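Naming convention: chains lettered A, B, ... in sequence-line order (proteins, then strands); numbering from 1 in each chain. What you see is a predicted model; the values in this text were computed from it and never measured. Note: hydrogens, waters and symmetry copies are ignored here, and every other heavy atom, side chains too, is used.
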Amino acid sequence: METPTRTKTVEERRNVVILFAGDSGDGIQLTGSQFTDTNALFGNDVSTFPNFPAEIRAPQGTMAGVSGYQLHFGSVELFTPGDQCDVLVVMNSAALRSNLATLKPGGTIIANSDGFDAKNLRLAGYIDNQDPLTDGSLANYTVHAIDITKMTRNALADTTLGMKEKDRSKNMFVLGFINWMYSRSLANSEKFLEGKFSRKPELLDANKKALLAGYNYGDTSETFTTRFEVKPAPMPKGTYRSITGNQGIAIGLIAAAQKAGLDLFYGSYPITPASDILHELSKNKNFGVKTFQAEDEIAAICSAIGASYGGALGATASSGPGIALKGEAMGLAFMLEIPLVIVNVQRGGPSTGLPTKTEQADLWQAIHGRNGEAPIPVLAASSPTDCFEMAYEAARIAIEHMTPVILLSDGYIANGAESWRFPEAKDLKPIKAPFAKPRAHGDMEKFLPYLRDENGVRPWAVPGMKGLQHRIGGIEKEDGTGNISYDPLNHEKMVRLRAEKVRRVVEDVPPLDISNGVDRGDLLILGWGSTYGAIRTAVNEMCAEGNCVGHLHLRYLFPFRKELGEILSHYKRVLIPEMNSGQLRQLIRAEFLIDAQGLNKIQGMPFTSAEIKAGAMQMLKDVK
Amino acid sequence: METPTRTKTVEERRNVVILFAGDSGDGIQLTGSQFTDTNALFGNDVSTFPNFPAEIRAPQGTMAGVSGYQLHFGSVELFTPGDQCDVLVVMNSAALRSNLATLKPGGTIIANSDGFDAKNLRLAGYIDNQDPLTDGSLANYTVHAIDITKMTRNALADTTLGMKEKDRSKNMFVLGFINWMYSRSLANSEKFLEGKFSRKPELLDANKKALLAGYNYGDTSETFTTRFEVKPAPMPKGTYRSITGNQGIAIGLIAAAQKAGLDLFYGSYPITPASDILHELSKNKNFGVKTFQAEDEIAAICSAIGASYGGALGATASSGPGIALKGEAMGLAFMLEIPLVIVNVQRGGPSTGLPTKTEQADLWQAIHGRNGEAPIPVLAASSPTDCFEMAYEAARIAIEHMTPVILLSDGYIANGAESWRFPEAKDLKPIKAPFAKPRAHGDMEKFLPYLRDENGVRPWAVPGMKGLQHRIGGIEKEDGTGNISYDPLNHEKMVRLRAEKVRRVVEDVPPLDISNGVDRGDLLILGWGSTYGAIRTAVNEMCAEGNCVGHLHLRYLFPFRKELGEILSHYKRVLIPEMNSGQLRQLIRAEFLIDAQGLNKIQGMPFTSAEIKAGAMQMLKDVK
Amino acid sequence: MTTANEVVNGSAAPAKVSYASDQEVRWCPGCGDYSILKQVETILKEQGKPKEEIVFISGIGCSSRFPYYLDTYGMHSIHGRAPAIVSGLRTVRPDLSVWMITGDGDSLSIGGNHLIHLLRRNVDVNVLLFNNEIYGLTKGQYSPTSPEGAVTRSTPMGSVDHPFNPLALCKGADATFIARAMDRDPKQLREVLTKADAHRGTSLIEIYQNCNVFNDGAFEVFTEKATKPFHTLFVEHDQPLVYANGTKGIKLDGMTPVIVDLTPGEALPDDLWIHDQHDPFKASILVRLFDDQDHEDAMPRPFGVFFISSRATLETKLNAQVALAKEKKGVGDLDALLSGERTWTIA
Amino acid sequence: MTTANEVVNGSAAPAKVSYASDQEVRWCPGCGDYSILKQVETILKEQGKPKEEIVFISGIGCSSRFPYYLDTYGMHSIHGRAPAIVSGLRTVRPDLSVWMITGDGDSLSIGGNHLIHLLRRNVDVNVLLFNNEIYGLTKGQYSPTSPEGAVTRSTPMGSVDHPFNPLALCKGADATFIARAMDRDPKQLREVLTKADAHRGTSLIEIYQNCNVFNDGAFEVFTEKATKPFHTLFVEHDQPLVYANGTKGIKLDGMTPVIVDLTPGEALPDDLWIHDQHDPFKASILVRLFDDQDHEDAMPRPFGVFFISSRATLETKLNAQVALAKEKKGVGDLDALLSGERTWTIA
Ligand SMILES: Cc1ncc(C[n+]2csc(CCOP(=O)(O)OP(=O)(O)O)c2C)c(N)n1
Ligand SMILES: Cc1ncc(C[n+]2csc(CCOP(=O)(O)OP(=O)(O)O)c2C)c(N)n1
Ligand code: SF4
Ligand code: SF4
Ligand SMILES: [Mg+2]
Ligand SMILES: [Mg+2]
């Protein structure tokens, strides 16, 4: 449809951060992701951060029930969802109260006044009916109080829907309004609605009406004199899509299996925030993907081991508590020396911890969390799009080096989305499974399942291969034959052979290179995982301000590439920001004996680039 | 009874190492432990090392089936079962072949010639009927070939036993002979037999006959012209017993529970080499000990958590693979902040690994093997007797600091025995459980389950305590109230409070002090766990030879005592011997940024003091 | 329990006090959990047991948040492990009243093994299995009780897993008390809860609970006025199996249950199946009345107490051994333990 | 399985080749495991299936060493997890013949949950449950099948745990094939193994196995000539339940089985229980014939195939979905997946 337009002044913005907040039931996540989509399609760079409570629907109107979706879109390249927001859209009092702190001074508040009645105010903890919308406490912000509920109901007056259903369209009114405010056409949102409600014409109609009503409200209401415009970003030429980290992992695994010519088997037990990988994969059975929702995490990883033993690519994922249960089976996979990808989408810990919040505190668990000498390569994704690359790499290494591989992600990038210039299938690194050579007919020589190649990799003999029958297990094996052996020297030899095989993996990954900033100087900020965007943004700013700072980001965490020590030595100081108490720092200090310092945040929330910058500037002071 | 004696020359020995070896079915372990007992009772210092295969009864006569028991007894203080043996007693060819390497040049071999028939020789891998007893290959040793089988049968000719049963008494013949050879009376062994076969007079009679026959054989046979004597050791005054590491742990836990006035609940799932703790504890129900053989390791630790929650001392034990399964529940106990003792009797890994062999490769798992920031105090026992002390300490810390505590032992000291000057109950450190104060009647103030005392310890409110009802769980808690909280700053605060509480634990343990050697100098040998005896012996020798070497042994492994860095700085070099690839070394390097070197043996076998010495001397060379 | 006793100072709570805690209940509006919470609180009130002598242990799941909402002792533990925690707790505290709260995923998926071992050991606890045939807290994946073909977030093409028959499984594990109830029938739920609490041993109650967000209406045919009479069968000890407002009954043809038509008012045929809650064989068949209610001439779904048998509890037997040991060997003397059987002295 | 097929080049093995591996068997002399190994090897020979198409998956325990001794593919995995490994393997390789070897501790203690889920999902595998009522490999602790009161290394005063009735548990978990056999009756064992292998789905065979080192004689009454006839009941489909050399039979009194005296030679009373291996209700009762044989007038212990029902296997259904998805959406196009549904282009 063509959207009506009255001439109003249009101001251009370089980049904008909007935070949509409301009750878990308000459809906030949908509104946010829809507007993200629209801007991405328009050509902006985007980065998002959904943030919701552990309860499914915490009591309406309470602080505990507030769900948020932060969107950063711009005409420039973006690396984070933004430290603070320019616009705060709140559906009720609790949403305002719990998010006001993230609004920039002078920022805009769009509030659903219906969510500020006595009951809502009380639930939000505004005592003796103080009302922020009217008591002047928001003087430093531009406040637009709109009775979104009423206007939505009016818009749907002539529909046959019940009140409840009508109110469910509130979020579309908001979406329509925001689209107007940022000069976007409704086309994309309408397309989406048509798909979603194709079988429910009534709801489709209602949602479209509400959407349009919101748009027209902005257009007609006198209170809004200016709209804003955010031009497309000058991104590298190419075709883009938007992708979340969990989607990236799912697609990465499928891609790797396809390139290796293997079926993908995914054994998993649901857990926040990893479940979406299961959901995503279960939709792609036409790629030969077999998903198995196991009875628990142990069965999940063991089923994947069984699948790999059968010649498929076995993969499993979970989050901290579930990964804790997989330790013993990882040891088995390590001894069997078969391909296996284990993904940990980290969340706040310990124990059940903060299920819907983010953290990086499972690094030690990944590297050291097994009995015996069982080194396993550990990779870490640094952004939603990097989740694809690292999942692909994890699978490639697992297959070509016949080893379990652990991939670390976290709730922040798992649910966050960004634009992705996706590759073409043909350009993906080829993957070759080291299958054992079929037996020449009559060849009676004994097959040696643990005879290693120059990389220390053993041949993959899959059931069905004639003449290659063999038995493997978790007990120590004799070198070569794989038979049970309790021989002391053989044990030490095997321990070293397995470790050496894993060490060789790093010779098969890209050399380290700094992400941005100077390649030698006063300070190196060494990061891993989801802190990438914040560090990169901070370092760009600091360099622009003339500081000698560099940013190195480790995506292959264990084993370390040998040039790491060299790079570290090019800086006077090393700062390691982590959403934990300093787990990578401990490993770096042990390996290189340098006094690396930590910047640690353990709040279930990602670093802002400002926090990184502050920590780094502090350290630079000390240098000088 | 009085044992007959003909005069033969008697030579005195300072200390003797005897290795008994034979088929798993030959009763070797019994012979060994009996002779150990006799010598200990006599007043020698003793140290033993049983070593057996993973199979229950591997095929008779094969190398795989050989079971060994090494005994070191002397008139001086001993710290290890001995590097090499003076006497090798072998029941068959395989036993000789697999143990000859450990016999000192010129040592004595006592062989059951019946175990050297064609079949046995072949099974042992002596090809084309070469027979070591006759082919001169043992020229450098004193060989006594005795047809023990025949002699035992003769001795039992007039009993009604079947051939099979008669042959089962072979080991008693050996025991009798060895008793004679080392001038020991049979009294103790007979007493033991009377206890064991009280209900089987026939077997009692037969075993006594065989025992005596062996003794008399030595006494009468012309081939034996000399006996040996090992005088009592000048040990500190006091009353002694002999004890294995697993017994030590069992008794230590009971003692701690008794001193704290708590019932002991032990939830465990059988696994080698930890099962004996369960067996031992299940015999002591009259101490209010409740043992629960759970369906798996997860249920085992969870049942212990339930028991602690109910006001008892909950404890659990396993070995590597089983501990791997307990990680998630440890996280829960850590969050609940209740007492819990987790024992890991380490074995060869990874995965199923080498179930009956020893290793120290689960240190990382103990310190880092959990999701999230979940620091737990880790203790390590250094000898069989130290297992008692450390188990007691683990329980004391768990109770008084309201925290799970991990205690590391290993197969070597778990099954090994040594003499122990046991303490009196009244001299054991008192233990006071931090129970919440009962509510004054009518006191309506809300109880705060997470209100900490000066050590950061929360009150232990046990179900049944009136007015103190509260709910706890694994989700992050609000400081003080313990209510669920997703507040970012509260999370960081709680993470730090919990870590600080655990850090404080080390202020409540003995300051570090070197075990032996110099307290500053060229080289510090830093050890932990079962390497104690070998290091101590090596350091004593090296110092005697004029080297500037010291030995520091960590029993409280995590957190480190603050004076550790200071002590390390007093030596030019630090060497860390471990039965792993360098796990403690990694932690030391990270914490103190010193270039500590490792001496690593991963063979499922303990270090010999000679190996430690060689490694240390090598390093001293580099210093000079 | 030495110390507990020392430090515990319980006393009967004043009747009719509120058993609710000060925490706000955080389930979705309309969730079946609310009703169950209410019924439990009601019978606790009726019994008036001192709050401090009651403990609720749960695993993880929406349902497992339950303990936070009652002013008793409680532990919200980890996923699936509540039975093991309960076993340890009861062994050392046979004096308490212990309840376990769990979901269909918590107890039948990850916790299945602990549950069946709890049942065979017959630990004295009331197990409330909230069965909503879905994973609620993780936002709608199928569970071991979801019907085959169920389209959920993890099964877009429909579940391929044959679901458990929870009560058949529990019977197979030698449970000593088996019952079924539902959130939408508060009165019957309270009756069952009361009987369960009276039973010494593990009382397993499967409670159909509606998850109105991810699996709304899963049990509609059993709860809605119109369909309820024809799809539900409320069993009473010693009473014939009659349903559909007296128009239908069930008899046994050999070992096979069959439906017979009845005329209300008229005398019942004497070959009707008389429910005997103490008959293990009948119980094995009763749990098998589990037809898909969409099939016509499906057997109705039974509710009520299926089976009760008395067997000594784990804690009774274990504590008896402890008592016996003390009696035989005398209360443990620590010094004797330390010295062991054979010692020697260096003077 | 794309690649497997590419690289696999199976072909019928010459009949009667040996299926033994080159590894020496390491069980204790006299262990019942030897007989079971022999019977399995015998039927493998008879079938002459190509070795490379056979896989044995085991857990941990003496019994679980089994795979090393056959020249097929095999995995000696970790304690209790074989069912999960089997589930993954079969899902991707429905073409293989898969056997699972497990012990009473491996499958009913630590592995209990995986076993019941394997059964409900009905994965096509032959499960050989070596029940010796003891933990052999760890040297003699009681297991979930050890009788109450059993004195073992971990229960010096006797076990206080009520043991599982393994077949009742498996029936409760909706197993589609349930049978019982013993090491000391090779012929009957081979028969059962053959039937089990013929069944599509999870075939659960409980095999009584003597551990002569730690639990010698546990099944003597069933295996010894003198007592066997009076304590064992060999069930055959469509045949009446008769034992004790034809002097005793079993009929049903309502739902309760009772023993009746028979006169050999004379015609059998027609109210004897006729075994119907397809009757789920009868099977639920049959598994309950589990009396302690020390009690006089104890019911005999049934052996043979108790129950067979056909239900689609997990792998069949899952692979059907994969096929359907390919048919509906077309075989996955990686580029389409990478680009997703909505893209935009920067020129
Ligand atoms: C070890 C572990 N695995 C997985 C999870 C994620 N998880 C939380 S609750 C749950 C299942 C919830 O379903 P159910 O037990 O039926 O409870 P409901 O929410 O339906 O009441 C899962 C898989 C977890 N918390 N811990
Ligand atoms: C995770 C883990 N826990 C415990 C063990 C120790 N363990 C090995 S076998 C076994 C039980 C053996 O009994 P069963 O399964 O009946 O087999 P059997 O030896 O009797 O044939 C146990 C507890 C282990 N290997 N791994
Ligand atoms: S998700 Fe379902 S089960 Fe969970 S609280 Fe909401 S309605 Fe209840
Ligand atoms: S211990 Fe028992 S089960 Fe194990 S091999 Fe020996 S006899 Fe067989
Ligand atoms: Mg549920
Ligand atoms: Mg067994």
Side-chain angles (χ1 to χ4, degrees), chain A residues 53-54 64 298 319-325 327-328 331-332 334-335 346 348-357 359 361-362 364-365 367-374 473-476 486 488-489 491-492 495-496 499 580-581 583 585-587 589-591 593-595 601-605, chain B residues 53-54 64 298 319-325 327-328 331-332 334-335 346 348-357 359 361-362 364-365 367-374 473-476 486 488-489 491-492 495-496 499 580-581 583 585-587 589-591 593-595 601-605:
Chain A
I298 301 172
S319 190
I323 295 295
L325 292 167
E328 188 203 4
L332 174 65
F334 173 78
M335 288 294 267
Q346 301 166 96
S351 193
T352 306
L354 297 167
T356 59
K357 306 298 177 187
E359 202 160 281
D362 299 349
W364 278 342
Q365 179 191 41
I367 296 181
H368 290 159
R370 287 167 294 280
N371 60 299
E373 292 292 336
I475 297 189
E476 186 55 281
Y486 305 129
L489 294 174
H491 177 48
E492 181 149 328
V495 167
R496 300 197 187 289
N580 62 40
S581 68
Q583 300 190 358
R585 182 167 90 250
Q586 195 263 6
L587 302 169
R589 291 170 60 94
E591 185 75 19
L593 299 178
I594 61 164
D595 189 12
K601 179 180 185 181
I602 315 175
Q603 301 174 13
M605 298 289 280
Chain B
I298 301 172
S319 191
I323 295 295
L325 292 167
E328 187 204 7
L332 174 65
F334 173 78
M335 289 294 267
Q346 301 166 97
S351 193
T352 307
L354 297 167
T356 58
K357 306 298 176 186
E359 202 160 278
D362 299 348
W364 278 342
Q365 179 190 41
I367 296 181
H368 290 160
R370 288 168 295 280
N371 59 298
E373 292 292 337
I475 297 189
E476 186 54 280
Y486 304 129
L489 294 174
H491 176 48
E492 181 150 325
V495 167
R496 301 198 186 288
N580 63 40
S581 68
Q583 300 189 359
R585 183 168 88 250
Q586 196 263 5
L587 301 169
R589 290 170 60 95
E591 183 76 19
L593 299 178
I594 62 164
D595 190 11
K601 179 180 184 181
I602 315 176
Q603 301 174 12
M605 298 288 281

Discussion item. For the interface with chain A, which of B:P350, B:A361, B:S319 has the highest count of heavy-atom pairs at distances below 4.5 Å?
Written reply: B:P350
Response to the item:
Given A:K357, A:R585, A:H368, the one with more heavy-atom pairs under 4.5 angstrom with chain B than any other is A:H368
Practice prompt. Please state whether the side chain, the backbone, both or neither of B:I323 comes within less than 4.5 Å of a heavy atom of chain A.
Written response: neither
Worksheet item: Is the backbone N or O of B:S351 less than 3.5 Å from a side-chain atom of A:E328, with the two atoms forming a donor-acceptor pair by type?
Response: no
Item to complete: Could you grab the distance from atom CD1 of A:I594 to atom CG of B:L593, nearest 0.5 Å is fine?
Response: 8.5 Å
Worksheet, complete the sentence: Counting heavy-atom pairs under 4.5 Å with chain A, the top scorer among B:A499, B:A64, B:G349 is B:G349
Item to complete: Check whether A:Y486 gets within reach of chain B through its side chain, its backbone, both or neither, counting any heavy atom under 4.5 Å.
Response: both
Item to complete: Kindly say whether B:G372 contributes a backbone atom to a donor-acceptor pair with the side chain of A:D362 at under 3.5 angstrom?
Response: yes
Response to the item:
One should read off an interatomic distance between A:T352 OG1 and B:N371 CG, to the nearest 0.5 angstrom, of 8.5 Å
Practice prompt. Sort out for me which of A:L354, A:D595, A:N580, A:L325 touches chain B most, counting heavy-atom pairs under 4.5 Å.
Written response: A:L354
Practice prompt. Calculate, to the nearest 0.5 Å, the distance between atoms CD and CD belonging to B:Q365 and A:Q365 respectively.
Written response: 11.0 Å
Practice prompt. Against chain A, work out which of B:A374, B:G604, B:S581 has the most heavy-atom pairs shorter than 4.5 Å and name it.
Written response: B:S581
Item to complete: Would you sort out whether A:L489 and B:I602 count as a side-chain contact (heavy atoms from CB on, under 4.5 Å), showing the intermediate values?
Response: CA-CA 8 Å; A:L489 294 174; B:I602 315 176; over 6 Å; no
Worksheet item: Side chain, backbone, both or neither: which part of B:L587 has a heavy atom under 4.5 Å from chain A?
Response: both
Fill in: B:R589 side, atom CZ; A:R589 side, atom CZ - distance, nearest 0.5 Å
12.0 Å
Practice prompt. Against chain B, work out which of A:P321, A:G348, A:G322, A:G473 has the most heavy-atom pairs shorter than 4.5 Å and name it.
Written response: A:P321
Discussion item. For the interface with chain A, which of B:G369, B:P488, B:G331, B:A324 has the highest count of heavy-atom pairs at distances below 4.5 Å?
Written reply: B:P488
Item to complete: Go through the atoms of A:R496 and report whether side chain, backbone, both or neither lie under 4.5 Å from a heavy atom of chain B.
Response: side chain
Item to complete: Working to the nearest 0.5 Å, report the span between CH2 of B:W364 and CD of A:E373.
Response: 6.0 Å
Discussion item. So which residue, B:Q586, B:R370, B:E476, B:Q583, ends up with the most heavy-atom pairs under 4.5 Å with chain A?
Written reply: B:Q586
Discussion item. Under 3.5 Å, is there a donor on one side chain and an acceptor on the other for A:E359 and B:H491?
Written reply: yes
